[in-house]
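All heavy atoms count here, side chains included; hydrogens, waters and symmetry mates do not. Quick note on labels: first sequence line is chain A, next is B, and so on, each numbered from 1.
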2 protein chains.
Amino acid sequence: MTISSRFAVGIHILTLLELNKEINTSETIAGSVNTNPAVIRKIIGMLKKVDLVEVHPGKAGAKLKKGLADITLLDVYQAVEVVSENELFSLHEHPNPDCFVGRNIQQTIEPIFISAQLAMEKVLLNVTLEDVVREIDNK
Amino acid sequence: MTISSRFAVGIHILTLLELNKEINTSETIAGSVNTNPAVIRKIIGMLKKVDLVEVHPGKAGAKLKKGLADITLLDVYQAVEVVSENELFSLHEHPNPDCFVGRNIQQTIEPIFISAQLAMEKVLLNVTLEDVVREIDNK
DNA sequence: ATTACATGTAATCATTATAGTTACAGGTAT
DNA sequence: ATACCTGTAACTATAATGATTACATGTAAT
């Protein structure tokens with residue numbers, strides 16, 4: 001299993017909106033990402049929903065709606081819905097309640113899983129698009 | 001997307017091997033986990049491969065092969081192969097090399113993804129089965 | 001050695017998510 | 001009116017999961 005590449009594509013899109021000063025249509029962007037324009041439009045729609053991006057029906061071009069330093073990778077990750085809140089890890093459903101272990105295993109494991117997930121997400125919180133763009137500029 | 005419940009089941013199995021002093025056959029365990037014995041046998045096979053568990057063809061019962069304090073959740077996580085090394089996050093393949101962003105995005109993003117994954121795995125490294133069993137005993 | 005029962009493993013299936021593709025309704029602008 | 005764009009739905013191929021069935025093989029008690 002892996003976390004959907006929608007996340008990587010979302011970062012790619014936002015980075016491109018910053019660095020490519022031309023008008024960025026879904027087709028332009030799709031050319032850079034190397035995928036289908038409809039895929040781009042869908043992801044942009046998700047970025048728009050959380051107000052990271054400005055885009056209008058019929059009007060060519062998407063734009064960033066926030067400063068680079070104000071967009072964390074966690075924002076993008078949440079926008080594209082690659083992982084549900086507190087559900088990075090699956091619990092097995094319906095362990096046997098008549099068994100001492102089965103009765104208690106879920107509530108024992110769940111907080112551990114959640115804290116592992118949060119540790120991962122905290123790393124994403126501490127990286128902004130500005131960091132990403134700067135790194136790309138350095139190449 | 002979620003990380004397979006094989007991980008949670010693996011923890012369940014090992015915990016049961018510790019706490020249930022009867023002979024733990026795949027059917028016994030399946031009864032506690034509430035799944036099919038063949039599923040249990042497959043996961044036990046994976047735990048056996050990394051030497052966490054002792055089990056023999058034709059001979060009823062699996063046993064722990066290490067002390068509880070010497071088994072981390074990371075050991076279990078790796079044993080059941082729910083996430084490949086450095087591949088929790090997917091990169092999109094083949095971004096356009098003729099585009100400045102496309103050419104550099106992957107190598108920029110990858111180390112961030114890896115460090116996020118490692119942060120998550122570090123939490124699992126710091127929890128042992130002893131912690132889990134103690135927590136269950138406290139209930 | 002026969003019987004009973006266990007593990008190991010392959011094959012199959014339903015379900016679900018992903019990523020791509022096509023198509024088209026509806027908005028915008030010249 | 002035309003050209004081009006976004007938004008979105010429908011459909012596809014592919015892959016992973018978890019459950020299930022079946023059976024070969026190993027173990028042990030009688």
How would you list, by chain and number, every residue that makes a side-chain hydrogen bond (donor to acceptor under 3.5 Å, both in side chains) with B/Arg103, sequence neighbours excluded?
-> none

Interatomic distance where CE belongs to B/Met1 and P belongs to D/dT14 [whole Å] | 24 Å

Give a yes or no on whether the backbone of B/Ile136 and the side-chain of A/Asn104 come within a donor-acceptor separation of less than 3.5 Å.
-> no

Take atom CD1 of A/Ile3 and atom P of C/dT18, then tell me their distance rounded to the nearest Å.
-> 11 Å

Any side-chain heavy atom of B/Ile44 within less than 4.5 Å of one from B/Ile13?
-> yes

Side chain to side chain donor-acceptor pair (under 3.5 Å) pairs, two or more places apart, involving residues 125-138 of chain A | A/Thr128-A/Asp131, A/Asp131-A/Arg134

Report the residues that fulfil ring-ring contact (aromatic ring centres under 6.0 Å, His included) with A/Tyr77, sequence neighbours left out, ordered by chain and then residue number.
-> A/Phe7

Short side-chain N/O contact to C/dT18 OP1/OP2 from A/Ser5, under 4.0 Å = no

Distance in angstrom units between A/Asn36 CG and D/dG7 P, rounded | 15 Å

Can you figure out which of C/dT21, C/dT18, D/dT21 approaches the side chain of A/Val39 most closely?
-> C/dT21

B/S/- along nucleotides 2-14 of chain C (protein heavy atoms under 4.0 Å) is ----BBBB-----

Can you tell me if A/Arg6 uses its side chain to pair, donor with acceptor, with the backbone of A/Ile43 under 3.5 Å?
-> no

What residues form a salt bridge (charged side-chain N to carboxylate O under 4.0 Å, His left out) with B/Lys65, not counting sequence neighbours?
-> B/Asp51

Which whole-number value in Å describes the distance from A/Phe7 CZ to C/dT18 C1'?
-> 17 Å

Identify, residue by residue, the members of residues 72-100 of chain A with a heavy atom below 4.0 Å from DNA chain D, and return them in order of residue number, or none.
-> none

For the pair made of CD1 in B/Ile23 and P in D/dA28, what is the distance, rounded to whole Å?
-> 11 Å

Closest heavy-atom pair and its distance - A/Ile109, B/Ala8 = CD1-O, 4.1 Å

